[in-house]
Amino acid sequence: MSQPRPYWNPYAAGVVLGVILGGSFLLTGHGLGASGALGRLIAAGIDTVAPGNVDTNPYLAPIAGASANPFDNWGIPVLLGALIGGFVSGVIGGRVRLQTYHGPRITPERRWMFALIGGALVGFGARLARGCTSGQALSGGAMLSLGSWAFMFSVFIGGYALAWFVRGLWQEK
């Protein structure tokens with residue numbers, strides 16, 4: 001297998017992301033965000049399996065109930081574009097392979113368990129906060145929303161604080 005291509009310069013990537021965010025505001029009237037679209041896809045899946053439950057649920061009915069189309073939302077193409085674009089970028093960069101990154105003190109199974117638990121907590125938090133990291137930090141931050149800036153600082157402070165506890169899992173004994 002050949003060596004993967006080097007990552008982009010983070011400053012150049014930030015500029016490109018800013019241009020994409022600006023284009024999103026200009027073309028759709030919305031910023032970037034994925035949790036709302038993911039919620040709509042999950043609601044559509046639930047509606048397929050148990051339509052009666054969705055129609056009577058006050059949270060899900062407006063999203064995927066009998067009178068709503070969950071795919072009639074600007075976030076669906078954004079979410080699909082992010083997934084497809086990320087995969088294409090990985091293929092072009094030579095980074096697509098089946099593997100589990102983990103430190104020497106944790107097994108791949110435990111790494112997956114922690115990833116699933118963390119993902120579930122982040123997903124719950126994103127719905128509770130009515131926005132994911134990209135929606136809050138990128139879009140809200142670009143609009144100079146005080147709440148979004150407080151969120152960004154909280155994420156970085158929380159990340160650094162949590163890193164102190166879990167860094168040992170990535171280091172040799």
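Just so it is clear, the structure is predicted and the values come from calculations on it, not from any experiment.
Residues that satisfy the side-chain contact (heavy atoms from CB on, under 4.5 Å) test with V49, not counting sequence neighbours, are absent from this structure. Remark: V88 pairs with I84, I92 by the side-chain contact (heavy atoms from CB on, under 4.5 Å) rule, at least two apart or across chains. Not counting sequence neighbours, R5 has no partner by the side-chain hydrogen bond (donor to acceptor under 3.5 Å, both in side chains) test. For A61, the side-chain contact (heavy atoms from CB on, under 4.5 Å) test picks out no residue, with sequence neighbours left out. Listed by chain and number, the residues in a side-chain hydrogen bond (donor to acceptor under 3.5 Å, both in side chains) with Y101 are Q99 (sequence neighbours excluded). Here T28 pairs with S24, H30 under the side-chain contact (heavy atoms from CB on, under 4.5 Å) rule; sequence neighbours left out. Not a single side-chain hydrogen bond (donor to acceptor under 3.5 Å, both in side chains) links Y11 to another residue, sequence neighbours left out. Taking the side-chain hydrogen bond (donor to acceptor under 3.5 Å, both in side chains) definition, one finds that T100 meets it with W112, sequence neighbours left out.
Listed here is the closest heavy atom pair of A64 and A44: CB-N, 4.0 Å. The shortest heavy-atom contact between G94 and P4 is O-CB, 3.8 Å.
Grouped by direct or indirect side-chain proximity (heavy atoms under 4.5 Å, Ile/Leu/Val/Met/Phe/Trp/Tyr only), F153 sits with L144, W149, M152. Residues W8, V16, L17, I20, L21, F25, L32, W74, V78, M143 make up the rest of the hydrophobic cluster containing L138, defined by ILVMFWY side-chain heavy atoms closer than 4.5 Å, directly or through other members. In the hydrophobic clustering, I157 connects to no other residue, as no ILVMFWY side-chain heavy atoms lie under 4.5 Å from its own. Through direct or relayed side-chain contacts under 4.5 Å between Ile, Leu, Val, Met, Phe, Trp and Tyr, L128 connects to F124.
From L79, atom CG reaches atom CG of L38 across 6.0 Å, with rounding to the nearest 0.5 Å. Expressed to the nearest 0.5 Å, how far CD of E109 lies from CZ of R111 amounts to 13.0 Å. Rounded to the nearest 0.5 Å, atoms CG (L41) and CG (L80) are 6.5 Å apart. In this structure, CZ in R40 is found 12.5 Å from CG in D47, a value given to the nearest 0.5 Å.
Around the CG atom of L146, the shell of radius 6.0 Å holds no more than 12 heavy atoms that belong to other residues, nucleotides or ligands. Atom CZ of F156 has 12 or fewer neighbouring heavy atoms from other residues, nucleotides or ligands inside a 6.0 Å radius.
One hydrophobic cluster, built from ILVMFWY side chains closer than 4.5 Å, holds both V166 and F114.
Panel note: side chain S139, backbone Q136; no donor-acceptor pair is recorded below 3.5 Å.
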